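Hydrogens, waters and symmetry mates are skipped; everything else that's a heavy atom, side chains included, is used. These numbers come from a predicted model, not from an experiment.
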Amino acid sequence: MNAGFLAPDASSTSPSELVVGPTFTGFLDRVAPGGSAETLTTAAAAILGDANVRLNAPSNKTGLVVGRVQSGKTLSYESVIALARDNGFALVVVVSGISNPLLSQGVNRLRSDLTNADKLGWNFIVNAGSDTLDAGNLAATGHLWRDPDTPKSLLKTTVCLLLKNHGRIEKFVAAVRDMDWSGIKVLIIDDEADQASLNTLGKRHKLSPTYKQLLDMRDTFPHHAYLQYTATPQAPLLVAINDVLSPDFVRVINPGSGYVGGPDYFEQTNRRLVRVIDESDLEMADDPNGGPPESLLDSFRLFIVGCAAVLTQSEPTTRSMLIHPSRVTAPHATFVRWIRRRAEFWLTALRDEEYKAGIRAEFLTSWTDLRSTDPDLPSFEECWAAIRFVLRGLQVVEMNAREGASTPVIEWDNTRAYVLVGGQALDRGFTVEGLAVTYMPRGPGVWNADSIQQRARFFGYKRSFLGQCRVFLDPQLRDAFENYVEHERHMLDSLTAIQNGSESLKDWERQFYLDPAMKATRQSVISIPMIKVEAGQRWIYDPAPISNQKAGEVATAALEHFLETTELEPSQFEHLQGVISVQRALELLESLPNLAESKLPNIRGLKLQLAKLADNDSEQIRLFYLRPKEKTERTVTAGNTVQPFQGASKNYPGDRSLTDPDRITLQIHKFAVRTSREAVPFAEMVVPAFWIPERLAGGWLLEEGGA
């Protein structure tokens, strides 16, 4: 990249031609967090460079930008917008938020940050098309940027912020449709792109309203890039490759060192931060006429102690608690009542010597709990002295649109302690400042992986106070989050490999590591045929007979080479056994002609599962080579398959019983194959059969027909 301001008639934004000008420099200096300049510069240049918006030809690339929940995606697309201004983009459209509070949150943030980066560089229009003046302002943008003699001081970039609602987008499209946008570079940001943007009516051969309006918007601008920002990219990755919103390229943006995500909460060594709500408390949480669950009071006490610890600091920051009991609004009022009454009771008890000692003991227990994960927590006496001030300033807010009222907009500077109670309004896209304690007595619902992950508002940049964080979850939801950690890791590793390699996103065979109980996303948006496979707790092998003598000879030679380099010893029933690495098992599979290119879902899922486990050097496979001294034969069945296993007899338990309960088991069967009992065998056949124990089992969602 070059330094300086790029004239508005620049023809391309390919990586080598990008320019860092005063807007992007101002963004790095006055908006970006300390130490993030290099990362933001590299990522913004890669994203805008991949988009490669040209003026000498139509441009309409779709880019998928993947981050983590609460990881700084807004900062990323703000940096891309700043760089886009330096590189001659006249118009930026940000489609953000499916509710007014989310849009308001995004508007305030974007207006503030971009203005800090370049005070005089922008025109902001919210829900463009709603005002009669909007069309004139947008037309003026095109005229000024198209004229090569326009003074630089007048070349402002217009930023249109739209609610992700088909009616709002339709009004914007109506305002710009009849204007001439040739010679004008446009950037479209679709924030939370997996939500509401995609076609939910595709399986009915119709276009859903928001999807249709987004297509109309894209058709309006001949030179544009469409960037999909999301932390849960499953849905955009599973739309048909020829869909306009199917991404052409992907960029994975990695969070900074202060970020806290799934592994910090849900991997084995970190489970002290996560508590399971027991069944009796879940029943109490569903009873509006009863008292509050004890786990709710425990979580509230922990939150109050954490807030008190913050007040002992010279510059206290905001702390929040999130209560998410249900997506429907009725239970929210119950939790608000419970929390407010408990706060009032504690305030009263602190002034009453009869109750004060008991309350002090309860808070001491909570302080001890937090101290176990935060050794730097201020002393109990310091926290105890501050608790009454926390309770006096506490704001408890019901976050929904009950009875026609709009969802409240939080002014985070009003106090230092908030308890937010809500459901859908607190899901995707909503930022809860200083979130320390989460109480979520809600199950995983229909087990859509992306929806479950978007509930994780407790992720974010909170490394400095992670020891004071606690998450209380329904046990099934806890399990779902644990499963998602592996799903996300595999998905991001795959996307990063595509980003850094030669394979394009369009050519990538879709494959997701997914717990068998989970679905990747809502079925209505999936238009790529997918197959779900479970690799574990059953024998996995290819039952198709070998095709001919030549293939049998290749398989036999491959097996002989494998056995020559494998240490085996006699076992029961005249078999041979040994222990091999997962990598060696994969090499055997790839050396057998009928398995190397197999498109059977079970074999594809098996290979993926073994490849995933191969990185762990501690995992080994128990190998059985069955009946090496016997010349056995198998007959092809009427269904054109071969049954490799020998059944049980008086002195033999049967092949299927030979497994290692702690390891993956690999049985190698070798026999001659014939078309009937009377026929002469036509080939030698080698059949590897795998058994994966429950602790290593995994589910896979695979693109149908993939290699």
Side-chain angles (χ1 to χ4, degrees), residues 1-6 10 12-53 63-89 92 94 96 106 108-122 124 152 155-157 159 185 187 189 191 225 227 229-231 249-261 315 317 431 433 459-466 492 495-496 499-500:
M1 292 192 299
N2 306 305
F5 185 84
L6 189 67
S12 173
T13 53
S14 64
S16 61
E17 297 168 335
L18 286 172
V19 170
V20 171
T23 303
F24 190 74
T25 302
F27 184 84
L28 295 180
D29 291 344
R30 296 185 288 275
V31 178
S36 65
E38 182 178 354
T39 301
L40 281 173
T41 302
T42 302
I47 293 165
L48 200 59
D50 285 345
N52 194 20
V53 177
L64 179 63
V65 186
V66 183
R68 272 75 158 183
V69 172
Q70 305 274 82
S71 69
K73 295 185 297 299
T74 302
L75 187 72
S76 172
Y77 69 68
E78 286 179 337
S79 70
V80 173
I81 292 171
L83 187 60
R85 168 160 171 73
D86 283 340
N87 286 272
F89 281 74
V92 176
V94 181
S96 175
N108 293 340
R109 166 83 179 270
L110 204 64
R111 190 191 297 269
S112 173
D113 287 351
L114 293 182
T115 302
N116 282 335
D118 186 344
K119 187 176 182 180
L120 302 177
W122 316 96
F124 294 97
K152 290 182 180 179
L155 290 175
K156 293 190 175 186
T157 298
V159 180
K185 289 198 286 189
L187 178 65
I189 305 287
D191 193 16
L227 299 181
Y229 270 80
T230 182
F249 65 89
V250 64
R251 283 285 161 183
V252 177
I253 50 176
N254 293 311
S257 59
Y259 180 74
V260 171
E315 295 183 6
T317 54
T431 299
E433 289 200 14
F459 293 174
Y461 287 93
K462 53 185 68 181
R463 184 75 58 189
S464 61
F465 64 96
L466 179 60
L492 294 180
L495 294 178
T496 301
Q499 166 187 297
N500 298 334

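Here the side chains of W122 and I81 are in contact, with some heavy-atom distance below 4.5 Å. Residues S79 and L75 are not in side-chain contact: their nearest non-hydrogen atoms beyond the backbone lie 4.5 Å or more apart. Here the side chains of S76 and I47 are in contact, with some heavy-atom distance below 4.5 Å. In this structure, the side chains of T230 and L64 come closer than 4.5 Å at one or more pairs of heavy atoms. Side-chain contact between F24 and T41 is present, with at least one heavy-atom pair separated by less than 4.5 Å. Using a 4.5 Å cut-off on side-chain heavy atoms (C-beta onward), L114 and F124 make contact.
Taking both residues in full, the closest heavy atoms of I253 and A43 are given as CG2-CB, 4.3 Å, listed atom of the first, atom of the second, then distance. Residues L18 and G49 come closest through the heavy atom pair CD1-N, 3.8 Å. The two residues A231 and V69 make their nearest non-hydrogen contact at CB-N, 3.4 Å. Residues S96 and D191 come closest through the heavy atom pair OG-OD2, 3.5 Å. N87 approaches L83 most closely through the heavy-atom pair ND2-O, 2.8 Å. Of all non-hydrogen atoms in D86 and G21, the two that sit nearest each other are OD2-N, 2.8 Å.
For R251, the salt bridge (charged side-chain N to carboxylate O under 4.0 Å, His left out) partners are D50, not counting sequence neighbours. Considering only residues two or more places apart in sequence or on other chains, Y77 meets the ring pair (Phe, Tyr, Trp, His ring centres under 6.0 Å) condition with Y229. Residues satisfying the salt bridge (charged side-chain N to carboxylate O under 4.0 Å, His left out) criterion with R111, sequence neighbours excluded, are absent altogether.
Within the 3.5 Å criterion, the main-chain N or O of V252 finds a donor-acceptor partner in the side chain of Q499. Judged by distance alone, the side chain of T42 and the main-chain N or O of T39 form no donor-acceptor pair under 3.5 Å. Judged by distance alone, with hydrogens and angles left aside, the side-chain atoms of K73 form a donor-acceptor pair with the main-chain N or O of R68 at under 3.5 Å. Y461 places no side-chain N or O within 3.5 Å of a backbone atom of G72 that could act as its donor or acceptor partner.
Atoms CZ and OG1, on F89 and T157 in that order, are 10.0 Å from each other to the nearest 0.5 Å. Between T23 atom OG1 and L120 atom CG the span is 10.0 Å, to the nearest 0.5 Å. To the nearest 0.5 angstrom, E78 atom CD is 10.5 Å from I189 atom CD1.
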Next on the checklist: Could you walk me through whether F249 and V65 satisfy the side chain to side chain contact (heavy atoms under 4.5 Å, CB included) test, starting with their C-alpha distance in whole Å, then the side-chain angles of each, then the deciding distance to 0.1 Å, before giving a yes or no?
Outcome noted: CA-CA 9 Å; F249 65 89; V65 186; 5.6 Å; no
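Under the salt bridge (charged side-chain N to carboxylate O under 4.0 Å, His left out) test applied with D118, the options K152, R30, K156, R85 reduce to a single match, R85.
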